[in-house]
There are 2 protein chains.
Amino acid sequence: MKSHIKANMKISQLAKTTNVASKTIRYYEEIGLLPEAYRNDNGYREYRASDIERLVFIRRCRELKIPLEQIKTLIAVQVDQKSSCQEVDALIAQQLEKVRTTIAELTMLEKTLHALATSCPNDKVGDCQILKNLQQE
Amino acid sequence: MKSHIKANMKISQLAKTTNVASKTIRYYEEIGLLPEAYRNDNGYREYRASDIERLVFIRRCRELKIPLEQIKTLIAVQVDQKSSCQEVDALIAQQLEKVRTTIAELTMLEKTLHALATSCPNDKVGDCQILKNLQQE
DNA sequence: AGTTGACCTTACTGTTACTGGAAGGTTTAT
DNA sequence: ATAAACCTTCCAGTAACAGTAAGGTCAACT
C-alpha cells in the first residue's frame with residue numbers, strides 16, 4: 001500500500017530525499033534517463049512521491065557502477081512486467097565480470113607498486129631506484 | 001654504454017618502438033609532457049633514440065595508472081639529479097594507497113553484485129528479485 | 001515597498017586521457 | 001602517373017557529472 005499523502009516537491013526536496021544532487025537529476029532528465037518533469041506555473045520542476053522510486057533505483061545502480069546507458073536498458077525492461085528478466089540477469093552478470101577483471105588487474109598493479117615503493121633506499125634523485133625502475137622496458 | 005647509432009625517426013617509428021600511439025605522442029607534446037619535437041623541412045616531427053627513454057618512462061608510469069599531471073612532476077624532479085627523491089617516494093606511496101582503496105571498494109562491490117546475481121530464480125520481470133533489490137534503499 | 005537570502009532556470013565550460021575523423025600535404029613504391 | 005602510406009592540424013566525442021554565470025521567483029523581514 002502506497003502512502004496516501006500526495007506530496008509534491010521541488011527538485012531540491014527530491015534531491016535530499018534520494019541523495020542525488022539536483023544538478024544530477026536535471027542531467028538525468030536531459031539525457032532521457034528520467035522523463036521530462038512536470039513544470040508548474042513558474043517553470044519549476046515538480047515531483048511526486050512516485051518519482052522517488054525511479055531515482056533511488058538509478059542511484060542504486062550507480063552505486064554498483066552500472067553505466068547510465070545500461071540503466072536505461074534496465075528501466076525499459078522493467079516497464080514490461082511480462083518480459084523475461086534474462087536481460088537483467090545478463091547485465092548484472094556482465095557487471096560482476098567487469099568488476100572481477102578490474103580487481104584482478106588492480107591486484108597486479110598493487111604488487112608492482114608495492115615492489116617499486118620499497119625499492120629505493122637512497123635519497124638523491126641521481127640514484128633513485130624507483131626512477132630507474134620506471135625507465136625499464 | 002649507449003648505442004653509437006644516431007637513429008633519427010619519424011613519429012610512427014617512435015610509436016612502434018615505444019608502443020605508444022602516434023596520436024598519443026602528439027597529445028603528450030601538446031600538453032607539455034614531451035618537449036616540442038624537432039621538425040624537419042617538410043614539417044614532420046623527427047625523433048632521436050634518446051626520445052625513446054622519456055616516452056618509455058611515461059608509458060611505464062601510465063601502466064601504473066599514474067595521472068599525466070603527476071608524471072610531469074616526476075619528470076621535473078628527475079631533471080635535478082641532486083634533489084631529494086622524497087617526492088618520488090611519496091607519489092608512488094600515494095598511488096599505492098589509491099589502488100588499495102579502489103581494490104577494497106571493488107571487493108565490496110563484487111560481493112553485492114554476486115549476491116544480486118544469484119538472487120533471482122524467476123524469469124519474468126514482474127517478480128524479478130534483482131529488480132526488486134535494486135529498488136531498495 | 002524594498003531588500004535579503006534561498007531557491008529555481010538555462011547555458012556554457014572543464015574534467016581525464018585519449019580516440020576517431022576530416023581535409024589536406026608529402027613521400028615512396030609500382 | 002598514380003596509389004598507398006605516411007605526415008600535418010583541427011574539431012568532435014567519450015562518461016558522468018561539477019562549477020560558474022546570468023537571470024527569474026518566492027517567502028520573510030524591515
Side-chain angles (χ1 to χ4, degrees), chain A residues 8-34 36-47 51 54-55 57-75 91 94-95 98-99 102 105-106 109, chain B residues 8-34 36-47 51 54-55 57-75 91 94-95 98-99 102 105-106 109:
Chain A
N8 279 22
M9 53 188 155
K10 280 177 279 185
I11 198 165
S12 71
Q13 181 57 49
L14 180 64
K16 224 172 287 175
T17 308
T18 58
N19 214 18
V20 175
S22 300
K23 199 124 208 197
T24 303
I25 297 174
R26 290 191 202 99
Y27 173 68
Y28 286 166
E29 179 182 325
E30 191 190 321
I31 64 167
L33 191 55
L34 292 175
E36 291 208 9
Y38 169 81
R39 303 298 184 110
N40 69 17
D41 294 348
N42 54 21
Y44 289 12
R45 289 173 180 80
E46 210 159 290
Y47 298 94
D51 291 314
R54 169 167 287 193
L55 201 45
F57 178 80
I58 295 172
R59 203 207 56 207
R60 283 279 293 146
C61 289
R62 289 300 298 139
E63 285 167 4
L64 301 174
K65 306 288 179 195
I66 297 173
L68 296 179
E69 272 311 309
Q70 302 202 353
I71 300 177
K72 272 191 197 173
T73 304
L74 284 178
I75 290 174
L91 203 148
Q94 180 193 325
Q95 187 61 18
K98 265 178 54 186
V99 169
T102 306
E105 284 169 8
L106 288 181
L109 194 53
Chain B
N8 280 23
M9 53 190 154
K10 280 179 280 186
I11 197 166
S12 71
Q13 181 57 50
L14 179 63
K16 222 172 289 174
T17 309
T18 58
N19 215 19
V20 175
S22 300
K23 203 121 206 201
T24 304
I25 297 175
R26 288 191 203 99
Y27 172 69
Y28 287 167
E29 180 182 325
E30 190 190 322
I31 63 167
L33 191 55
L34 292 174
E36 290 206 8
Y38 168 82
R39 304 298 185 109
N40 70 15
D41 295 348
N42 53 23
Y44 289 11
R45 288 173 180 80
E46 210 159 290
Y47 298 95
D51 291 313
R54 169 167 288 192
L55 201 44
F57 177 81
I58 294 172
R59 203 208 56 210
R60 284 279 294 143
C61 288
R62 288 301 298 138
E63 285 167 5
L64 301 175
K65 305 290 179 192
I66 296 172
L68 296 179
E69 272 310 309
Q70 302 202 352
I71 300 177
K72 271 191 196 172
T73 304
L74 284 178
I75 290 174
L91 202 148
Q94 179 194 325
Q95 187 62 19
K98 265 178 53 186
V99 168
T102 307
E105 285 169 7
L106 288 181
L109 194 54

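Naming: A, B, ... by sequence-line order, numbering from 1 per chain.
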- Message: With a 4.5 Å cut-off on side-chain heavy atoms, are B:L109 and A:L64 touching?
- Response: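 Sidechains of B:L109 and A:L64: in contact.
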Interface polar pairs with nucleotides 20-22 of chain D, N/O, under 3.5 angstrom:
from	atom 1	to	atom 2	distance (Å)
D:dT20	O4	A:K23	NZ	2.3

- Angle, rounded to 10°, between the helical axes spanning five pairs at each terminus of the helix from C:dA1-D:dT30 to C:dT30-D:dA1?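 The helix from C:dA1-D:dT30 to C:dT30-D:dA1 shows an end-to-end axis angle of 30°.
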- Residue pairs involving residues 13-26 of chain A (criterion salt bridge (Lys or Arg N to Asp or Glu O under 4.0 Å); sequence neighbours excluded):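 Residue pairs passing salt bridge (Lys or Arg N to Asp or Glu O under 4.0 Å), neighbours aside: none found.
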- Task: Could you note down all residue pairs passing salt bridge (Lys or Arg N to Asp or Glu O under 4.0 Å) where residues 63-72 of chain A supplies at least one of them, sequence neighbours left out?
- Result: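 Pairs touching residues 63-72 of chain A that pass the test: A:R59-A:E63, A:R60-A:E63, A:E69-A:K72.
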For [X], side chain to side chain contact (heavy atoms under 4.5 Å, CB included) partners two or more places apart:
{"X": "B:K98", "answer": "B:P67, B:Q95"}
{"X": "A:Q13", "answer": "A:M9, A:T17"}
{"X": "A:N42", "answer": "A:N40, A:Y44"}

- Message: Base, sugar-phosphate or nothing for A:R26? Non-hydrogen atoms, less than 4.0 Å.
- Response: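 Touches a base.
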- With sugar-phosphate meaning primed atoms plus P, OP1 and OP2, does B:I31 contact a base, only sugar-phosphate, or nothing at under 4.0 Å between heavy atoms?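 Touches nothing.
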- Residue closer to the 5' end of DNA chain D, B:K16 versus A:I66 (nearest nucleotide):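 It is B:K16 whose nearest nucleotide is closer to the 5' end.
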Could you pull out the protein-nucleic contacts involving nucleotides 23-25 of chain D (nitrogen or oxygen on both sides, under 3.5 Å)?
from	atom 1	to	atom 2	distance (Å)
D:dG24	N2	A:Y44	OH	2.7
D:dT25	O4'	A:Y44	OH	3.2

- Query: Along DNA chain C, 5' to 3', what are the outermost nucleotides having an atom less than 4.0 Å from a heavy atom of chain B?
  - Reply: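 Contacts span C:dA17 to C:dT27, reading 5' to 3'.
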- Query: Whole Å only: how far is the OH atom of A:Y28 from the C1' atom of D:dA16?
  - Reply: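 Rounded to whole Å, this separation is 7 Å.
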- Query: Whole Å only: how far is the CG atom of A:L33 from the P atom of D:dA15?
  - Reply: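 After rounding, the gap between these two atoms is 14 Å.
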- Message: A:R45: which residues meet the salt bridge (Lys or Arg N to Asp or Glu O under 4.0 Å) condition with it, sequence neighbours left out?
- Response: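 A:R45 satisfies salt bridge (Lys or Arg N to Asp or Glu O under 4.0 Å) with A:E29 only.
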- Starting at the 5' end of DNA chain C, which residue's closest nucleotide do you reach first, A:S22 or B:T24?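 Checking each residue's closest nucleotide, the 5'-ward one belongs to A:S22.
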- Query: Pick from B:D41, B:I11, B:N8: which one makes a side chain to side chain contact (heavy atoms under 4.5 Å, CB included) with B:E46?
  - Reply: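 It is B:N8; the other options fail the test.
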